[in-house]
Amino acid sequence: MTGDHQTLALLLFSAFVAVTLAITTWVSRHRHGSAEEFYAGGRLFSPMENGFAIAGDYMSAASFLGISGLIALYGYDGLLYSVGFLVAWLVVLFLVAELVRNCGRFTLADVVAARMSERPVRIAAGTSSVAVSVLYLVAQMVGAGSLVALLLGGQGEAAQTWTVIGVGALMVIYVSLGGMRATTWIQIVKAVLLLGGTITLTVLVLVRFHGDFDQLLLTAAERSGHGESFLAPGLKYGADWTARFDFISLGLALVLGTAGLPHILSRFYTVPTARAARRSVVWSIGLIGGFYLMTIVLGFGAAAIVGPDAVRGSNAAGNTAVPLLALDLGGGADSTGGTVLFAIVAAVAFATILAVVAGITLASSASVAHDLYASLRRRHAKPRSEVAVARVAAVGIGVVAIALGLLARDLNVAFLVGLAFAVAASANLPVLLYSLFWRGFTTRGAVWAVYGGLIPAMTLVLLSPVVSGSPESLFPGVDFQVFPLQNPGLVSIPLGFLAGWLGTVTSSEVPDEAKHAETEVRSLTGAGAA
């Protein structure tokens, strides 16, 4: 890219960073240091504000960069991500949003521990939450690296590395200084910017094809080199039965995983009531639904206007399809319009990454402090010391995410998020649903449900083509692949539910009927909710 692209994109991104740091600084001066303020922003946000923040949290680099790239490269099969991410919100709305808000205080473990033996349950749920969060963070880091590589014409591996480190440092600053309140406002600003940028690009793509979506699809199919098969299932996931099972596995992970994502669940605690939590989800469904419909236009637009070969040439995983599309829509590489539009899209994508990593880091550091630290170190940790541990944990999680992000820099970001969803659906969703709806659920069942989903999911990923055994793997030079599927959800999600059931029926613990009744009333009515 030319110096103009680089300069303008960096200026716009710097402006966003300056604004978000100003928000963080302002919030840090007005904080009271309480756990409720750090973890839940004082529960002061309205449903609309929280809906925008949830949308900002959910519309990640995987959505903006990864999904569009997958559609540009694989056509119909890339649509699974858009559909899966959107449909998942119905599960959240109908099954968990209001109930989680009523039963918990700050984390997923609060919901489960309400009627179980606290210590083992908090350790298990906290460990799982951190694992999911780190996987999700890696995807955002990879997205940041891909953008910088494009910005510098693919010549900046050192710059890529420093960018990933810089994003990690910023997220630690946002979380440690501003807590949930600063993170929420950063996500609201980012959601508005991302929706504005996406609407602009979508309109420009449709204008290019005179509003004829059919012509857009036909042109994309023609340029793809695959003809009509580009618009039919099977290009990526239909080659053989292994690929078809991978397709089913991914679909399960996407639809069920959202309800187990720690950074999404923690957003329900930032509103004052359960009714506000439910209305937040309604707001977010509208915003997220519109966004994912537009990613379909952007993906096929990138295939039709830029071409899959050019997208693949810039980034093998397709992560740079949208910035390249913006460059072309604005008039090309040497035009002022192209320079401006490319710079805006690159800056919005950076803003997206920063806001999402802040939310995930906050959720994972809350799990470390509120669940792991409070359980392992002291039974009753003081709120202020717990918040201090959360700030330290943010630094540690940032370091791990940076290291893994540098290792996985060549993988598609939407694909990486698919893995995080699979782990969330395998480890967090079973224990959450059993705790809310099964009267006879026990502590052993809760612990087994978490580890029975988490350990198989992580093990199967390590033994899959993602890590070794193919040229696209993390370690292409070695081969210890045993599991044929790239996404473990088809196996690990049922194992999580099975382990929870098995642990419960083999437990000698007598379920506490009174606590279950109390949890049931509280979850459905909000009586006694924090």
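- Checked by atom type and distance alone, the side chain of T504 pairs as donor or acceptor with a backbone atom of G500 at under 3.5 Å.
- Atom CZ of F247 is separated from atom CH2 of W241 by 12.5 Å, given to the nearest 0.5 angstrom.
- Distance CD/E49 to CD1/I188: 5.5 Å, rounded to 0.5 Å.
- At distances below 3.5 Å, not a single donor-acceptor pair connects side-chain atoms of S82 with backbone N or O atoms of G78.
- Here the closest heavy-atom approach between residue P323 and residue L65 is recorded as CD-CD2, 4.1 Å.
- A distance of 11.0 Å separates CG in D57 from CD1 in I186, rounded to the nearest 0.5 Å.
- One distance of note links OG1 of T258 with OH of Y58; it measures 3.0 Å at 0.5 Å rounding.
- The two atoms that bring P484 and P465 nearest to each other are O-CG, 3.5 Å, heavy atoms only.
- The structure places CG of L490 at 7.0 Å from CZ of F245, a figure rounded to the nearest 0.5 Å.
- With a 4.5 Å cut-off on side-chain heavy atoms, F483 and L485 count as touching.
- A donor-acceptor distance shorter than 3.5 angstrom exists from the side chain of D246 to the backbone of Q486, with no hydrogens or angles considered.
- When side chains are defined from C-beta on, L201 does not count as touching M294, because their heavy atoms never get closer than 4.5 Å.
- The ring pair (Phe, Tyr, Trp, His ring centres under 6.0 Å) with Y434 is formed by just one residue from the set W501, W448, F497; it is F497.
- For A88 against L254, the heavy-atom pair with the smallest separation is CB-O, 3.3 Å.
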For this session: Could you walk me through whether N428 and L432 pass the side chain to side chain contact (heavy atoms under 4.5 Å, CB included) test, one step at a time?
Result: CA-CA 6 Å; N428 291 346; L432 185 61; 5.9 Å; no

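- Of all heavy-atom pairs between P262 and V132, the closest is CD-CG1, 3.8 Å.
- With rounding to the nearest 0.5 angstrom, the CD1 atom of I397 is 8.0 Å from the OG atom of S367.
- Residues I71 and T295 approach most closely at CD1-O, 3.9 Å, considering heavy atoms.
- Across all their heavy atoms, P430 and S426 have their closest contact at CG-O, 3.3 Å.
- Between I54 and W283 there is no side-chain heavy-atom pair separated by less than 4.5 Å.
- Contact check for S364 versus V134: no side-chain heavy atoms found under the 4.5 Å cut-off.
- Side chain of S249 to backbone of N487: a donor-acceptor contact under 3.5 angstrom is found.
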